[in-house]
Amino acid sequence: MTELLALTPEELAELLGGTGRARAVWRAMLQGKDPFEDPGLSRPVRARLRAQTFPTPFFVERRDIAVCGTTKLRLVLAGKKRIETVLIPSKRRTTVCVSTQSGCARGCVFCLTATMGLERGLTAGEIVGQVLLAMREAHLPAIRNVVFMGMGEPLDNLDAVRKSVAVLCDPSGLALGPTHITLSTVGTTPAAILATRDLPVQLAWSLHAVDDALRRRLVPTMRHSTESLRQAFVDRLSESGGSLFVEMTLMDGVNDALHHADELIEFLAPFSPSVRVNLLPMNAGREGLHASPEPRVKAFRQRLRDRGLFCTIRRPRGVEARAACGQLAIG
Ligand code: SF4
């Protein structure tokens, strides 16, 4: 038995004996129907589905909606594991922030998910299912972007992530453009970074600090130097093209001084001009750490811009629903 949502339309076509059948199943799922019960599908198709595949079991336990429309869904998965998925609407499109693990083993000091520890990695079907579910939230604009930035470190669950990307991008499946999918990672190891070469997605490196000692304080499980990780990102980009997003969660008095900005400018030189820096003032959650004050974040940005780097400040979305970056956790 195989998880239905983990099958690419091509694999499903093989299993059902025809691409038309696979397309019909996906059409039904995109319309919010249960393909195991949908009378619009032929009896033999439903019988084969039941005999050879199973649905991804999850349900929405809770919905938190912030005034800006950002919606956090708490989902219960098989084994009673819980995750959170965040839907971030803008005028014309919605971005879905998916989880790749229940909890996370990486231990970032500014992140609430870290306090859960790792419960388990999600299956490809559980990752795809989050996007499918988001597509059914009818009050939101169409889903255009998927970011792997929810709970978990995607490179610690790479096989499932790879499979889910294949399903998300398949024209007969969810048909998302690869440039509309962003995978955010702390950059676990050089080998794991290079293993993403065949993944047609944008990469975002959650760097937070250039200096190794400081970075190990912020991401305590980090065993590799920023220099060795940078080399892996350079190699990966030189082969697959595209640009790199670099994310800096700025914390008051920790990593937000101008000398940190200067270190970053020098460090990112090998990527120039294919790098974009996102500054994220830390969101409330962990005790003892605070967001950088706005003037300091702006000064940091200006320093980078003065040296020709593309840099933006990411405004937090959904803070009051505890749906913003670093705030996902099942307490
Ligand atoms: S920031 Fe990401 S990698 Fe770090 S603990 Fe949180 S979920 Fe894990």
Side-chain angles (χ1 to χ4, degrees), residues 72-75 77 81-86 88 95-122 126-127 130 146-158 160-161 164 181-190 192-193 195-196 201-210 212 214-224 226 229 232-233 244-251 254-255 277-292 314 316-319 322-331:
K72 182 169 79 170
L73 305 177
R74 177 173 294 182
L75 308 177
L77 312 176
K81 297 299 175 206
R82 287 170 168 79
I83 56 161
E84 292 182 326
T85 305
V86 183
I88 309 152
T95 297
V96 194
C97 177
V98 297
S99 294
T100 53
Q101 299 180 304
S102 175
C104 184
R106 289 289 151 186
C108 302
V109 295
F110 48 84
C111 172
L112 273 178
T113 307
T115 61
M116 295 172 65
L118 176 64
E119 300 198 329
R120 72 165 168 84
L122 303 194
E126 287 168 337
I127 299 170
Q130 293 172 67
V146 173
V147 292
F148 288 81
M149 291 185 188
M151 287 181 172
E153 163 52 59
L155 297 194
D156 285 340
N157 191 18
L158 191 54
V161 166
S164 69
I181 300 178
T182 303
L183 184 154
S184 174
T185 174
V186 293
T188 53
T189 65
I193 294 163
T196 66
V201 298
Q202 306 271 354
L203 284 186
W205 185 10
S206 299
L207 180 60
H208 314 306
V210 168
D212 281 322
L214 176 55
R215 190 159 196 258
R216 278 192 193 114
R217 258 176 63 204
L218 302 179
V219 189
T221 51
M222 195 43 65
R223 298 283 169 266
H224 295 268
T226 49
L229 298 170
F233 278 110
L244 180 72
F245 292 93
V246 168
E247 292 163 342
M248 300 286 291
T249 300
L250 293 186
M251 289 155 262
V254 176
N255 61 348
V277 180
N278 276 326
L279 303 179
L280 299 87
M282 184 196 143
N283 291 309
R286 299 288 295 267
E287 272 175 32
L289 288 169
H290 305 282
S292 263
R314 193 187 303 158
R317 296 284 305 268
V319 174
R322 296 191 85 73
C325 287
Q327 291 190 311
L328 305 186
I330 312 294

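Both counts, for ligands and for their atoms, begin at 1 and track the order of listing. As the structure is a computational prediction, the values presented were derived from the model and not from experiment.
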Those residues that, when tested against R106, pass side chain to side chain donor-acceptor pair (under 3.5 Å) (two or more places apart): D156
Residues R120, E126: salt bridge by 4.0 Å N-O rule: yes
C108 and ligand 1 - part of the residue with a heavy-atom distance under 4.0 Å: both
Pairing residues for L155 by the side chain to side chain contact (heavy atoms under 4.5 Å, CB included) criterion, not counting sequence neighbours: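 Expected list: E153, L158, L183, T185, T188, A192, I193, T196.
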Proximal atoms of ligand 1 relative to G152 (non-hydrogen, under 4.0 Å): 7 (S)
Sub-4.0 Å atoms of ligand 1 with respect to non-hydrogen atoms of A114: 5 (S)
Donor-acceptor under 3.5 Å (T182 side chain, Q202 main chain):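 Checked: no pair found.
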